[in-house]
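Each remark here refers to the structure printed beneath this line.
Chain letters run A, B, ... following the sequence lines, proteins first and then strands; every chain starts at 1.
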2 protein chains.
Amino acid sequence: MVVDRSVEALNEACRSRGIRLTGQRKAISEVMARAQDHPSATDIHELVTRKHPRISLATVYRTLSVLRDAGIVEEHRFGEGRCHYELADGPHHDHLIDAETGQIVEFTDPEIERLQHAIAERLGYRLTGHKLELYGVRAGDADQG
Amino acid sequence: MVVDRSVEALNEACRSRGIRLTGQRKAISEVMARAQDHPSATDIHELVTRKHPRISLATVYRTLSVLRDAGIVEEHRFGEGRCHYELADGPHHDHLIDAETGQIVEFTDPEIERLQHAIAERLGYRLTGHKLELYGVRAGDADQG
DNA sequence: ACCTCAGTTGCGAATTGTTCGCAGCTGGTG
DNA sequence: CACCAGCTGCGAACAATTCGCAACTGAGGT
Ligand SMILES: [Mn+2]
Ligand SMILES: [Mn+2]
Ligand SMILES: [Zn+2]
Ligand SMILES: [Zn+2]
């Protein structure tokens, strides 16, 4: 299955970077590979607990930091509150957050990526990163509670 | 001076919204009107303390929330850590953050604003808000530590 | 197979930024 | 000038994340 390939890719990525491959890390990688949404650290902790009942939240945070620094996962701070994480495979994308349901929709737009570079350049900068979040409500939905 | 006019505008905005005009709030408004950067709550607290030595940080936070909810100030969560605040007069703009110095550069770009609406629409949403932050380093700067 | 030890973990305490609870104070209306 | 809903200061509470430390363990060497 696809998850196995992803997990193996993650393990290989760890090994090749000299990151020690522990049971906890494998379990976290598996959860990340399986996740289709953008789970928070506590979400991930809860999921991993099924295989590793004694894993601590601190370990989840530490592992996510390691994977983030290795470029394997991406960390997002949507709106306020906790961080959300996702696998950094695939090409770059940004997010639209449904302001009513909190649902996260991914999108890519080459034009907006290009424009951001152009804007930075115009201001005398070289773009090194960006954060783009759209907030919206489903079009045509009556907004009645 | 320009600050006086801004402060009077703020006071009037408060009055017209039924928000009580206390000495602390006037002082915070004055600090906000005078600020050219994007101060944090503790920055603002420190500045306000010069006129109101006994003002508490909680009051600064509460007042900023009131002004935010009234649409008078804007709250930003750049990167991580504390929130930054600025007066919400003038037209909408976004921010480029110098990744090396932390300096914040403001910009407006009608094209990128338009594109965001178009993207949301394409995804079946009506855009209600967005967050756009560019991170960059000054072009042509040698990057040697 | 076993040793070894730097890297990793679990635990709880610390940190950071922000909010809350509450008793006392005060702006502004009558 | 009295009144009281709205504010304030204070410290404690909170939420998310990080840290300190002693115990543990992966993986390379023997
Ligand atoms: Mn995503
Ligand atoms: Mn600004
Ligand atoms: Zn992007
Ligand atoms: Zn914008």
Taking for each residue the nucleotide of DNA chain C with the nearest heavy atom, is it I19(A) or L57(B) whose nucleotide lies nearer the 5' end? I19(A)
At less than 4.0 Å, is any side-chain N or O atom of T59(A) found next to OP1 or OP2 of dG10(C)? Yes or no. yes
How long is the line joining CG of L21(A) and C1' of dT9(C), in whole Å? 15 Å
Can any side-chain N or O of H45(A) pair as donor or acceptor with the backbone N or O of I55(A) at less than 3.5 Å? yes
Could you state the CD1-C1' distance from I44(B) to dT18(C), rounded to the nearest angstrom? 14 Å
Please give, in whole Å, the distance from dA16(D) C1' to R82(B) CZ? 16 Å
Compare the minimum distances between each of dG28(C), dG9(D), dG12(C) and the side chain of S56(B), then state the nucleotide with the smallest one. dG9(D)
Parallel, tilted or perpendicular, as decided by the 30° and 60° cut-offs, for the rings of H84(A) and F78(A): tilted
Map E75(B) and G23(B) onto DNA chain C by nearest heavy atom, then report which one ends up closer to the 5' terminus. E75(B)
Taking atom P of dT8(C) as reference, at what distance in whole Å does atom NE2 of H52(A) sit? 15 Å
T22(A) side-chain N/O to dT9(C) phosphate OP1/OP2 under 4.0 Å: yes
To the nearest angstrom, the CD-P distance between Q24(B) and dG6(D) comes to 17 Å
Measure NZ/K26(A) against C1'/dT25(D) and give the value in whole Å, please. 12 Å
Are any of R25(B)'s side-chain N or O atoms less than 4.0 Å away from OP1 or OP2 of dC7(D)? yes
Ring-plane angle category for H95(A) and H93(A), please: parallel below 30°, perpendicular beyond 60°, tilted otherwise. perpendicular
Proximity to the side chain of I55(B) - top-ranked nucleotide from dG9(D), dC11(C), dT9(C): dG9(D)
For a quick check, tell me whether the side chain of R20(B) and the base of dA5(D) share a donor-acceptor pair closer than 3.5 Å. yes
Do T63(A) side-chain atoms and R25(A) backbone N/O form a donor-acceptor pair below 3.5 Å? no
Nearest whole Å is fine: how far is dT8(D) C1' from Y61(B) OH? 17 Å
Measuring to OP1 and OP2 of dC11(C), would you say a side-chain N or O of R54(A) lies under 4.0 angstrom away? yes
Would you call D43(A) and R82(A) a salt bridge, taking side-chain N to carboxylate O under 4.0 Å as the test? no
Side-chain donor/acceptor contact of R62(B) with base of dG9(D) under 3.5 Å: yes
Rounded to whole angstrom units, what separation is found between the NE2 atom of H45(B) and the C1' atom of dT16(C)? 16 Å
